[in-house]
Amino acid sequence: MDPVNNSRVAEFVLLGLSSSWKLQYFFFMLFNVLYVTIVLGNLLIVLTVISEPALHTPMYIMLSNLSVFDVFLATYSTPKMIHDFLYEPKTISFEGCMAQIFLLHVFAGGEMMLLAAMAYDRYVAICKPLHYATIMNLCKCTGIVVGSWMIGVMHSLSQLAFTVNLPFCGPNIVDSYYCDLTLVIKLACTDPYVAEVLMLLDSGLMGMTSFVLLLISYTVILVPVRRRCSVHVAKARSTLTVHIIVVTLFFGPCIFIYAWPFSNFPVDKALSVFSTVFTPILNPIIYTLRNKEVKSPIKTKDQVYKF
């Protein structure tokens with residue numbers, strides 16, 4: 001029996017964001033505030049959509065599920081990162097590391113699919129408004145949401161299937177604040193080339209394809225919108241432009257990290273923080289809190305609580 005395959009590291013050491021104690025204390029306070037903001041902001045949106053019958057439409061159901069994805073996307077690693085700012089050593093068990101990889105790709109993959117569905121929803125609403133109720137009914141919306149979760153799970157399982165069986169027998173230092181797949185597979189006691197190609201074909205191709213299709217969808221929507229002149233069309237154009245910015249901010253880091261798995265860049269760690277912490281804050285602000293239909297019930301409830 002091969003002794004290499006018979007031994008496996010029991011834990012991984014995470015280097016975190018910085019080795020400076022002053023910076024770690026600063027990051028501890030900063031990310032505490034950001035994480036609480038993410039959870040409260042997104043849960044407020046979910047509860048508002050659930051409690052308001054007028055918001056039980058495909059668009060808002062998908063927006064509320066986007067908030068659910070964002071909460072989970074921030075939660076799979078951020079609490080562990082916050083804990084590690086104050087405690088040494090920064091370690092995570094092998095099982096915990098695999099769990100982080102699995103959860104990241106479930107939520108990120110599911111959110112990619114949901115963003116694509118939301119682009120299609122806006123296309124139908126703007127370009128085919130008379131047929132919107134027929135095309136985007138609640139039954140189809142439920143299928144889209146469930147399908148997003150299922151695709152995320154299947155995508156993640158395909159990543160984990162080849163990762164968990166790699167022989168990890170020695171190096172166990174991960175230069176990040178969580179178990180990033182691109183870094184973990186490089187620690188295996190084997191040539192990582194095959195694993196990197198599989199990751200490129202899975203995560204890299206999925207992210208790039210979804211991003212290109214989203215840009216094409218938004219372009220198809222914007223072309224007819226630009227030809228019209230009205231207040232509603234101007235609002236739609238502004239909203240779509242902001243959506244494109246958010247989609248770029250979400251997909252950009254993912255594509256940069258996973259489409260070039262053969263090389264590590266100094267900015268990879270910063271991009272990971274951006275996609276898992278700052279994007280979940282931007283989504284509720286840009287997608288939902290700019291929307292009068294959502295802000296109105298939130299303000300009403302706030303006034304009731306004050307009395």
Side-chain angles (χ1 to χ4, degrees), residues 34-35 38-39 42 62-81 96-119 144-164 174 176-185 195-196 198-215 243 245-261 265 267-284 286-287:
L34 292 177
Y35 180 66
I38 291 170
V39 173
N42 283 286
M62 285 190 283
L63 283 173
S64 65
N65 276 275
L66 179 65
S67 291
V68 173
F69 274 123
D70 283 336
V71 170
F72 285 134
L73 193 59
T75 301
Y76 86 94
S77 64
T78 305
K80 167 68 174 169
M81 175 179 63
C97 183
M98 294 300 109
Q100 281 194 340
I101 292 174
F102 174 75
L103 293 175
L104 167 62
H105 289 273
V106 168
F107 305 138
E111 184 161 329
M112 286 181 184
M113 296 300 102
L114 190 61
L115 287 170
M118 289 169 63
I144 289 173
V145 171
V146 174
S148 297
W149 282 97
M150 291 180 64
I151 291 174
V153 171
M154 290 188 293
H155 160 67
S156 187
L157 287 174
S158 67
Q159 297 279 68
L160 198 64
F162 67 81
T163 306
V164 73
V174 180
S176 186
Y177 62 93
Y178 72 102
C179 282
D180 188 351
L181 180 61
T182 58
L183 299 177
V184 171
I185 61 176
E196 289 177 328
L198 290 174
M199 182 176 63
L200 174 63
L201 294 175
D202 196 333
S203 292
L205 189 60
M206 179 181 180
M208 184 71 75
T209 303
S210 301
F211 180 59
V212 171
L213 290 176
L214 275 167
L215 289 183
H243 285 198
I245 294 173
V246 174
V247 165
T248 303
L249 292 176
F250 176 76
F251 279 90
C254 297
I255 293 172
F256 191 88
I257 292 172
Y258 291 100
W260 289 275
F265 299 95
V267 296
D268 280 3
K269 196 181 297 186
L271 290 174
S272 297
V273 173
F274 189 86
S275 61
T276 59
V277 177
F278 290 100
T279 300
I281 291 178
L282 293 175
N283 277 345
I286 294 177
Y287 273 98

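Side-chain N or O atoms of T75 include one that pairs as donor or acceptor with a backbone N or O of V71 at under 3.5 Å.
Counting only N and O atoms by type, the side chains of T78 and Y177 include no donor and acceptor under 3.5 Å apart.
Exactly one of I101, T276, V106 qualifies for a side-chain contact (heavy atoms from CB on, under 4.5 Å) with Y76. That residue is T276.
Expressed to the nearest 0.5 Å, how far CE of M98 lies from SG of C179 amounts to 6.0 Å. We find the CD1-CD distance between I185 and Q159 to be 8.5 Å, quoted to the nearest 0.5 Å. Once rounded to the nearest 0.5 Å, the distance linking CG of N42 with OG of S64 reads 10.5 Å. The distance from the CG atom of L181 to the OG atom of S176 is 12.0 Å, given to the nearest 0.5 Å. Taking CG of D180 as the reference point, atom CD of Q100 lies at 10.0 Å (rounded to 0.5 Å). The distance from atom CG of L160 to atom NE2 of H105, rounded to the nearest 0.5 Å, is 9.0 Å.
The neighbour count for M154 CE, taken as heavy atoms of other residues, nucleotides or ligands under 6.0 Å away, is above 12.
For I38 against D70, the heavy-atom pair with the smallest separation is CG2-O, 4.2 Å. Looking at every heavy atom in both residues, H155 comes nearest to G109 through CD2-CA, 4.2 Å.
Remark: L214 engages L115, A116, A119, Y218, V247, F251 in a side-chain contact (heavy atoms from CB on, under 4.5 Å) (not counting sequence neighbours).
Classification of the F69-W149 ring pair by plane angle, with boundaries at 30° and 60°, yields parallel.
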